[in-house]
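Below: the structure, in structure tokens.
Every chain is numbered from 1, with letters handed out A, B, ... down the list of sequences. All of these numbers come straight from a predicted model, not from anything done at the bench.
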Amino acid sequence: MCGRYATSRTPSDLARDFEAGLSDAAAGLVADYNVAPTDTAPLVIGRIDASSPGVPPAREVVAAAWGLVPSWAKDRSIGNRMINARSETVAEKPAFRRAFAARRAVVPADGYYEWYAGQDAGTSKQPKQPFFITDPDRSGLGLAGLYEFWRPTPDADWLLTFTVLTTSAEDAEGRIHDRAPLLVPTTALDEWLAPRPLDGEHWRELLVPATPGRLVAYPVDRAVGNVRNNGPHLVEPVALS
DNA sequence: CCAGACGTTGTT
DNA sequence: GTCTGG
DNA sequence: CCAGACGTTGTT
DNA sequence: GTCTGG
């Protein structure tokens, strides 16, 4: 769940809509309709403003690579396996707990892709059908994420990486969709992005599952399966054969 | 003690 | 870095 | 998440 | 079948 998504809004639009600053690296990002693990994409984070205690942290749009690399990692390849974090255990897992305590983020997305196997999955050789899950009004989603700093050597540049939180969820019809990414509602932005530990379990109520029932889901071109393919046609609806 | 992992998803 | 397994 | 590789020696 | 890279 949530192993591929689209983010097409310009960095300056994101900065405006999230009332955030814009880093130089993020300013150079372009629309990506096929964000895959290890790819660099825009991320909204909270910055501590030590000069104004009590004021909500300033936000900033930064560029980060998908797949969280913990600070203690020997190389960045561990990030390939850290693209999602289970919300049920994220506070305890060694790979995520530090980021969860102090480096929560919002991943701006148009929507995400999900591949459905047919009814006779496994028995048929029918390829999986990708769907795009998005908000009907196209105002954009904010996926709940975490980020981390990592560098291979003390003198190397810092690499910023992120992961997306998941949960179990059911849709409007009550069907269980194994795992769904979590959304950060606009009203929860300040609390979620605050760069300090959260108080108790209250945060779980801040976040909302991004289910194909709550949002819209429609089939798209199988071309999205190949990470080399990109472009707005990937999020256009197609007829099922 | 040291060595090795540190994670998720989906499917039967 | 920190925990688990051997 | 899917697609694609899955290996070694020696040499510039 | 399973791992790595994007």
Side-chain angles (χ1 to χ4, degrees), chain A residues 1-7 29-30 32-41 63-103 107 109-134 141 143-154 158-159 161-170 175-182 209-212 217 219-231 234-235:
Chain A
M1 171 61 58
C2 204
R4 214 72 76 79
Y5 70 97
T7 186
L29 293 171
V30 297
D32 191 341
Y33 297 89
N34 199 356
V35 183
T38 71
D39 287 349
T40 299
W66 191 8
L68 186 143
V69 180
S71 58
W72 40 257
K74 297 221 172 37
D75 63 86
R76 64 172 293 180
S77 65
I78 192 174
N80 294 342
R81 302 189 296 282
M82 307 284 178
I83 65 171
N84 291 146
R86 294 176 66 93
S87 59
E88 297 91 333
T89 56
V90 69
E92 291 86 40
K93 291 288 184 182
F96 299 129
R97 59 191 174 193
R98 282 176 168 277
F100 178 74
R103 284 177 292 280
V107 183
D110 306 340
Y112 67 96
Y113 298 98
E114 187 171 340
W115 280 260
Y116 287 103
Q119 298 158 332
D120 37 34
T123 59
S124 80
K125 291 179 183 119
Q126 200 176 27
K128 288 184 177 181
Q129 174 62 51
F131 282 71
F132 190 59
I133 294 100
T134 186
L141 306 177
L143 309 183
L146 310 175
Y147 71 99
E148 191 58 89
F149 293 97
W150 177 84
R151 54 181 177 176
T153 57
W158 288 103
L159 177 72
T161 61
F162 69 95
T163 191
V164 173
L165 267 64
T166 63
T167 188
S168 67
E170 56 184 48
R175 284 183 300 239
I176 297 294
H177 291 267
D178 297 12
R179 306 296 300 175
L182 282 166
T211 58
V220 293
D221 197 307
R222 287 200 172 94
V224 73
N226 193 316
V227 297
R228 290 172 303 192
N229 296 326
N230 214 316
L234 296 179
V235 299

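B/dT9 and D/dC2 have their P atoms separated by 13 Å, given to the nearest Å. Spacing between D/dT11 and B/dC1 at atom P, rounded to whole Å, works out to 48 Å. Spacing between B/dG7 and E/dT4 at atom C1', rounded to whole Å, works out to 15 Å. Going from the P atom of E/dT2 to that of B/dT12 covers 16 Å, rounded to whole Å. Comparing B/dA3 with D/dT8, their C1' atoms sit 29 Å apart, to the nearest whole Å.
Between the side chain of A/W115 and the backbone N or O of A/F131 there is no donor-acceptor pair closer than 3.5 Å. Side-chain atoms of A/Y112 come within 3.5 Å of backbone atoms of A/A210 as a donor-acceptor pair (strictly under, hydrogens ignored). Counting only distance, with no hydrogens or angles, the side chain of A/D32 and the backbone of A/T7 share no donor-acceptor pair below 3.5 Å. A/N226 contributes no side-chain N or O that, together with a main-chain N or O of A/A223, makes up a donor-acceptor pair within less than 3.5 Å. Under the 3.5 Å distance criterion, the side-chain polar atoms of A/N34 are matched with a main-chain donor or acceptor of A/N229. In this structure, the side chain of A/R151 engages the main chain of A/P154 through a donor-acceptor pair within 3.5 Å. No side-chain donor-acceptor contact under 3.5 Å links A/T167 to the backbone of A/L182. When atom types are taken as modelled, the side chain of A/R4 and the backbone of A/G225 share a donor-acceptor pair closer than 3.5 angstrom.
At least one side-chain nitrogen or oxygen of A/T166 sits closer than 4.0 Å to the OP1 or OP2 atom of B/dT9.
Using a 4.0 Å heavy-atom criterion, one finds that A/P37 contacts the bases of the nucleic acid, with or without backbone contacts as well.
The local environment of CZ in A/R98 is sparse, with at most 12 non-hydrogen atoms from other residues, nucleotides or ligands closer than 6.0 Å.
B/dG10 atom P lies 9 Å from atom OH of A/Y116, rounded to whole Å. Between the CZ atom of A/F162 and the P atom of B/dG7 there is a distance of 19 Å, given to the nearest Å. Here D/dC1 presents its C1' atom at 5 Å from CH2 of A/W115, a figure rounded to the nearest Å.
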Quiz prompt | Watson-Crick and G-U pairing of DNA chain B written in dot-bracket, each distance under 3.5 angstrom, with | for inter-strand partners | solution = ||||||......
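Partners of A/D110 by side-chain contact (heavy atoms from CB on, under 4.5 Å), not counting sequence neighbours, listed by chain and number: A/A6, A/S8, A/R9, A/Y33, A/F132.
Side-chain contact between A/W66 and A/T40 is absent, with no heavy-atom pair separated by less than 4.5 Å. Two residues are said to be in side-chain contact when any heavy atoms from C-beta on lie closer than 4.5 Å; A/D75 and A/P152 fail this criterion.
In summary, contact between chain A and DNA chain C, defined as any nucleotide atom under 4.0 Å from a heavy atom of the protein, begins and ends at C/dG1 to C/dT2 in the 5' to 3' direction.
Each of A/T134, A/V107, A/L141 was checked for a side chain to side chain contact (heavy atoms under 4.5 Å, CB included) with A/Y5, and the lone residue meeting it is A/V107.
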Quick one: which protein N/O atoms are closer than 3.5 Å to N/O atoms of nucleotides 2-4 of chain B? Pair and distance per line, please.
none

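Residues from residues 71-102 of chain A placing a heavy atom under 4.0 Å of any atom in DNA chain C, listed by number, are A/W72, A/R97.
Sorted by first and then second residue, the ring-ring contact (aromatic ring centres under 6.0 Å, His included) pairs with a member in residues 68-98 of chain A form an empty list; sequence neighbours excluded.
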